[in-house]
There are 2 protein chains.
Amino acid sequence: MSRSGPDLALLMLGGFRSLVDAATAELAARGYEDVRPLHDFALRAIAAGADSASELGRRMSVTKQAAARTVAVLEERGYVERNADPADARRMRLQISERGVTLLRTGEGIFNELRKQWEQQIGPAKLAELESILTELVGVQPVRVDTPGWLARDLGETI
Amino acid sequence: MSRSGPDLALLMLGGFRSLVDAATAELAARGYEDVRPLHDFALRAIAAGADSASELGRRMSVTKQAAARTVAVLEERGYVERNADPADARRMRLQISERGVTLLRTGEGIFNELRKQWEQQIGPAKLAELESILTELVGVQPVRVDTPGWLARDLGETI
DNA sequence: AGACAACGACAACTATGTTGTCTATCTTGG
DNA sequence: CCAAGATAGACAACATAGTTGTCGTTGTCT
């Protein structure tokens, strides 16, 4: 009780990490060893309509150069495809590959399983309350995921 | 309602970022422009008893080399002092400087203010509930802060 | 005394970000 | 209808984290 401000921040970081670490480890176990959380977020942004590197950069609040490099990695690993845009010769249209789609589905499934585990741990009412309070505080606007670094690391091994 | 697993993770990330971004910006405004969240965490670990680079590395779940570099930065910026340990010639004893102490105090105050803002926004009962639920889920064990990258970035400018 | 462990330093590498510059291409307004 | 400006993507240089591996010095323990 009477927790301090810093503790509150750390609690939320802990919750986030707890989920993301577990999800990353599980993804690795299912054969997606080359995926970092950052890649998942980028892929989601592409799925949500960021169909060019520059646009992806905007959505992730990152420079287009950084976005282009993330795209290059994703392409190299077979999660997205880049095709020339027939309507605009400057652009390379991004498309999620089949492998990318199954990755997204798998990731979503894993997160949902983790959420279910939490639900069993504390009960549906409390989980709903947690989500409701967080939503009230953080808002419903999309969270910025311009989150380089540890989000980008392979956390599975370090546990 | 019926939020998904990924959303839950993002909500907690959002909450954490919201606090940390605001705190970093406020610290910068108060004259601590060269401080990243990572530095604050490291300083707290040193204050909590990590009095050598290797020990700091252990506490932050990071290699001693990485810890030594963080220490070097903190020393360069005047937040910690390194003195030869009279009892062990291999070690450099870490001590938080006066400036470091005031930084820690200031940071703590800012986080507490932010927490108070949240309290006013949603009411003390809900905040207590939030903390209680998170504690139940995340546990009381210290959260690992081996969090390179965006935690280390100067988030104040990018808002 | 000798074997082993630990501290801190150095070097090389990875991953992600940034700014700045450049070319090619689109768009728009006089 | 063409010149000026905006935008897409690429390249290069650099910053800030992290990692592994190696090494010399110093403690510790049998």
Side-chain angles (χ1 to χ4, degrees), chain A residues 24 33-42 46 50-77 80 82-94 144-159, chain B residues 24 33-42 46 50-77 80 82-94 144-159:
Chain A
T24 306
E33 292 173 32
D34 52 2
V35 187
R36 315 275 172 277
L38 168 66
H39 301 144
D40 188 82
F41 285 132
I46 295 169
D51 68 336
S52 76
S54 293
E55 180 58 26
L56 179 62
R58 266 176 243 119
R59 303 240 187 150
M60 308 217 318
S61 305
V62 136
T63 57
K64 59 182 175 176
Q65 290 88 334
R69 270 201 267 186
T70 301
V71 168
V73 169
L74 287 173
E75 187 187 19
E76 189 184 292
R77 300 186 182 169
V80 301
R82 294 183 346 137
N83 310 102
D85 185 334
D88 187 337
R90 296 169 303 177
R91 304 183 61 185
M92 296 295 278
R93 250 189 16 220
L94 301 180
R144 285 170 48 197
V145 279
D146 58 332
T147 307
W150 75 273
L151 251 194
R153 279 178 56 212
D154 185 351
L155 300 156
E157 328 285 3
T158 60
I159 294 176
Chain B
T24 305
E33 293 174 33
D34 52 2
V35 187
R36 315 276 173 277
L38 167 67
H39 300 145
D40 188 82
F41 285 132
I46 295 170
D51 67 337
S52 76
S54 293
E55 180 57 27
L56 180 62
R58 264 175 246 120
R59 303 240 187 154
M60 308 217 318
S61 306
V62 138
T63 58
K64 59 183 178 176
Q65 291 88 335
R69 270 200 266 186
T70 302
V71 167
V73 170
L74 287 173
E75 185 187 22
E76 189 185 290
R77 300 186 183 170
V80 301
R82 294 184 345 138
N83 310 103
D85 185 333
D88 187 336
R90 294 169 304 177
R91 305 183 61 181
M92 296 294 279
R93 251 189 14 221
L94 302 180
R144 284 171 49 197
V145 278
D146 57 334
T147 309
W150 76 273
L151 250 195
R153 280 180 56 214
D154 186 350
L155 299 155
E157 329 284 2
T158 58
I159 294 175

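In what follows, every chain begins at residue 1, and chains take the letters A, B, ... in the order their sequences are listed.
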Note to self: From C-beta outward on B:V62, which listed nucleotide comes closest to its side chain: C:dT16, D:dG18, D:dA10?
What the structure shows: D:dG18
Next item on the list: Nearest whole angstrom, please: distance from the C1' of C:dA15 to the CG of A:D34.
Entry: 14 Å
Next item on the list: Grab the two heavy atoms, one from B:T24 and one from B:V35, that are nearest each other, plus how far apart they are.
Entry: CG2-O, 4.1 Å
Notebook entry, point to check: Given atom CZ of A:R59 and atom C1' of D:dA8, what is their separation to the nearest angstrom?
Noted result: 16 Å
Notebook entry, point to check: Any side-chain heavy atom of A:V62 sitting closer than 4.5 Å to one from A:T70?
Noted result: no
Note to self: Less than 4.0 angstrom between a side-chain N/O of B:R36 and OP1 or OP2 of C:dG17, yes or no?
What the structure shows: no
Margin query: Looking at B:S54, I'd like to know whether one of its side-chain N or O atoms comes within less than 4.0 Å of OP1 or OP2 on C:dA6.
Written below: no
Notebook entry, point to check: Can you name the nearest heavy-atom pair linking B:A42 to B:M60, along with the distance?
Noted result: CA-SD, 3.7 Å
Next item on the list: Check whether any side-chain N or O of A:R82 sits under 3.5 Å from a backbone N or O of A:E75 as a donor-acceptor pair, and report yes or no.
Entry: no
Item checked: Nearest non-hydrogen partners of A:A53 and A:A68, listed with the distance -> CB-CA, 4.1 Å
Margin query: Quick check on DNA chain C: between B:R91 and A:A66, whose nearest nucleotide comes earlier from the 5' end?
Written below: B:R91
Next item on the list: Starting at CZ of A:R59, measure out to OG of A:S54 and round the result to the nearest 0.5 Å.
Entry: 12.5 Å
Checklist line | Rounded interatomic separation in angstrom, taking CG from B:L56 and P from C:dA6 | finding: 18 Å
Margin query: How many whole angstroms separate atom CZ of A:R77 from atom P of C:dA15?
Written below: 7 Å
Check: Which string of ( ) [ ] | and . matches DNA chain D, if you list each base 5' to 3' and count Watson-Crick or G-U pairs only when both distances are under 3.5 Å?
Finding: ||||||||||||||||||||||||||||||
Item checked: Protein-nucleotide distance (A:L38, atom CG; C:dT14, atom P), rounded to Å -> 18 Å
Donor-acceptor contacts under 3.5 Å from residues 86-94 of chain A side chains, at least two apart:
| from | atom 1 | to | atom 2 | distance (Å) |
| --- | --- | --- | --- | --- |
| A:D88 | OD1 | A:R90 | N | 3.0 |
| A:D88 | OD1 | A:R90 | NE | 3.1 |
| A:D88 | OD2 | A:R90 | NH2 | 2.9 |
| A:R91 | NH2 | A:D51 | OD1 | 3.0 |

Notebook entry, point to check: Between atom CZ in A:R93 and atom P in C:dT25, what is the gap in whole Å?
Noted result: 18 Å
Check: Shortest non-hydrogen contact from B:D34 to B:H39?
Finding: O-ND1, 3.6 Å
Check: With the sugar-phosphate defined as primed atoms, P, OP1 and OP2, and the base as all remaining atoms, what B/S/- string results for nucleotides 20-30 of chain D, 5' to 3', for protein heavy atoms under 4.0 Å?
Finding: BBB--BBS---
